[in-house]
Engineer: 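The structure follows.
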There are 2 protein chains.
Amino acid sequence: MIFSKRCLHALRAVLYLGTQPPERDFIPIREISKKLDIPFHFLTKILKDLADKGFIESSRGAAGGIRLAKPTAELNVKEIIESIEGEDYFSGCILGFSKCDSDNPCALHDRWVAIKEEIQKMLGEEHLEVLSTRIQEQGLRLLEM
Amino acid sequence: MIFSKRCLHALRAVLYLGTQPPERDFIPIREISKKLDIPFHFLTKILKDLADKGFIESSRGAAGGIRLAKPTAELNVKEIIESIEGEDYFSGCILGFSKCDSDNPCALHDRWVAIKEEIQKMLGEEHLEVLSTRIQEQGLRLLEM
DNA sequence: CTAATTGCAGACAAAGTTGTCTTAATTAAA
DNA sequence: TTTAATTAAGACAACTTTGTCTGCAATTAG
Ligand code: SF4
Ligand code: SF4
């Protein structure tokens with residue numbers, strides 16, 4: 001499994017938000033927790049992170065909850081993953097080195113850069129709007145079967 | 001960073017073995033540990049795993065150490081990574097689900113499958129033999145700079 | 001045989017990730 | 001204004017990963 005639990009929970013939660021009918025405003029975290037079977041308090045922390053990073057907004061109190069902070073067309077899978085796993089998750093060195101002279105690359109570098117660019121390109125194209133459409137057409141599996 | 005420390009250590013160690021002159025037989029783990037700055041006992045455990053999985057062979061005692069168990073042409077980066085991170089590391093579900101009906105895929109599936117196949121193809125082509133040649137030509141960076 | 005050298009095994013510790021619980025702060029509605 | 005609903009905050013626990021330490025087992029050299 002490539003992504004951490006934090007990341008998987010975050011992805012599924014955001015996808016859940018993206019598939020809610022537009023007339024719904026704030027969605028309680030408890031609802032997401034139950035529907036997606038994610039530990040409530042853990043999910044709360046994860047979503048607080050996403051809120052701090054500007055992906056979602058929250059409101060306390062009755063009728064409170066969370067909602068996407070941007071239109072779905074401006075949210076893609078790549079930036080959500082990177083905000084959780086780290087900005088260099090798809091762009092760092094394959095050997096885990098932090099400082100490296102890419103002008104004088106090692107034997108693995110070129111191949112690795114090609115993979116990374118492919119991943120980033122593909123995930124970057126996946127905005128929630130496109131996904132929402134496809135989810136309406138095909139359904140989205142958000143729970144273990 | 002996509003890979004665990006275990007995996008990075010294993011990769012670097014195997015690459016180190018692959019770049020040793022052929023007249024060297026068993027290489028002491030201590031040497032690898034020092035040269036690559038990897039904790040000795042941790043590395044020992046990791047390499048024991050690789051030995052159990054048939055990638056390397058070991059010999060105790062004076063003049064002992066480890067060596068690759070197969071010709072470099074038959075060892076590629078993909079199988080080493082998968083042996084450590086798990087066989088489904090590049091083939092599992094993007095949402096982390098274990099059981100899923102791929103005949104009736106969700107909205108993310110097709111794109112994800114394309115990425116995974118690309119990764120597996122590229123990493124599967126990287127056998128140590130090719131790398132060794134390139135390493136002789138270009139050098140391989142095995143240490144943080 | 002003895003001694004030196006090496007990998008092997010397992011207990012343990014440190015650090016990071018994942019998850020639980022309790023309490024406080026905030027908001028809307030009765 | 002009270003009450004119920006909800007996020008926020010932080011302490012803590014369970015688990016996993018990463019790393020350390022000590023001693024044992026096997027091999028070679030002398
Ligand atoms: S040149 Fe090699 S070591 Fe440096 S960033 Fe690229 S893959 Fe990593
Ligand atoms: S169909 Fe969706 S949930 Fe199922 S394996 Fe593919 S990506 Fe995962």
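Each chain gets a letter, A, B and so on, in the order the sequences are listed, and its residues count up from 1. Because the structure is predicted, anything quoted here is derived from the model rather than measured.
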Engineer: Do B/Asn76 side-chain atoms and B/Glu79 backbone N/O form a donor-acceptor pair below 3.5 Å?
Structural biologist: yes
Engineer: Over how many whole Å does the gap from B/Glu31 atom CD to C/dG7 atom P extend?
Structural biologist: 10 Å
Engineer: Tell me: CZ of B/Phe40 to P of C/dT5, nearest whole Å?
Structural biologist: 13 Å
Engineer: Nearest whole Å is fine: how far is D/dG19 C1' from B/Leu8 CG?
Structural biologist: 15 Å
Engineer: Between D/dA4, D/dT22, C/dG7, which nucleotide gets closest to the side-chain atoms of B/His41?
Structural biologist: D/dT22
Engineer: Please determine, for the side chain of B/Ser4, which listed nucleotide (D/dT28, C/dT27, D/dT18) has the closest atom?
Structural biologist: D/dT18
Engineer: Using the side-chain heavy atoms of B/Arg60, tell me which of these nucleotides is nearest: C/dT22, C/dG7, D/dT7.
Structural biologist: C/dG7
Engineer: With no hydrogens and no angle check, do the side chains of B/Glu85 and B/Ser4 hold a donor and an acceptor under 3.5 Å apart?
Structural biologist: yes
Engineer: Name the residue closer to the 5' end of DNA chain C, choosing between B/Pro28 and A/Gly61 according to the nucleotide with the nearest heavy atom.
Structural biologist: B/Pro28
Engineer: Expressed as a whole number of angstroms, how long is the span from B/Asp25:CG to C/dT6:P?
Structural biologist: 14 Å
Engineer: Could you check B/Ala63 against A/Phe42 and say which one's nearest nucleotide on DNA chain C is further toward the 5' end?
Structural biologist: B/Ala63
Engineer: Please tell me if A/Lys48 has a side-chain N or O lying less than 4.0 Å from either OP1 or OP2 of D/dA9.
Structural biologist: yes
Engineer: Rounded to whole angstroms, how far apart are CZ on B/Arg67 and C1' on D/dT27?
Structural biologist: 14 Å
Engineer: Specify whether B/His9 and B/Phe42 have parallel, tilted or perpendicular ring planes, treating 30° as the upper limit for parallel and 60° as the lower limit for perpendicular.
Structural biologist: perpendicular
Engineer: Please report the distance, rounded to the nearest Å, between CD1 in B/Ile32 and P in C/dT6.
Structural biologist: 12 Å
Engineer: Does B/Ser58 place a side-chain N or O at less than 4.0 Å from the phosphate oxygens OP1/OP2 of C/dC8?
Structural biologist: yes
Engineer: Give the rounded distance in Å between these two atoms: CZ of B/Arg6 and C1' of C/dT17.
Structural biologist: 17 Å
Engineer: Taking 4.0 angstrom as the limit, do A/Lys78 and A/Glu82 come out as a salt bridge?
Structural biologist: yes
Engineer: Taking the side chain from A/Thr44 and the backbone from A/Phe40, do they hold a donor-acceptor pair closer than 3.5 Å?
Structural biologist: yes
Engineer: Taking NZ from A/Lys45 and P from C/dG16, how many angstroms apart are they, rounded to a whole number?
Structural biologist: 15 Å
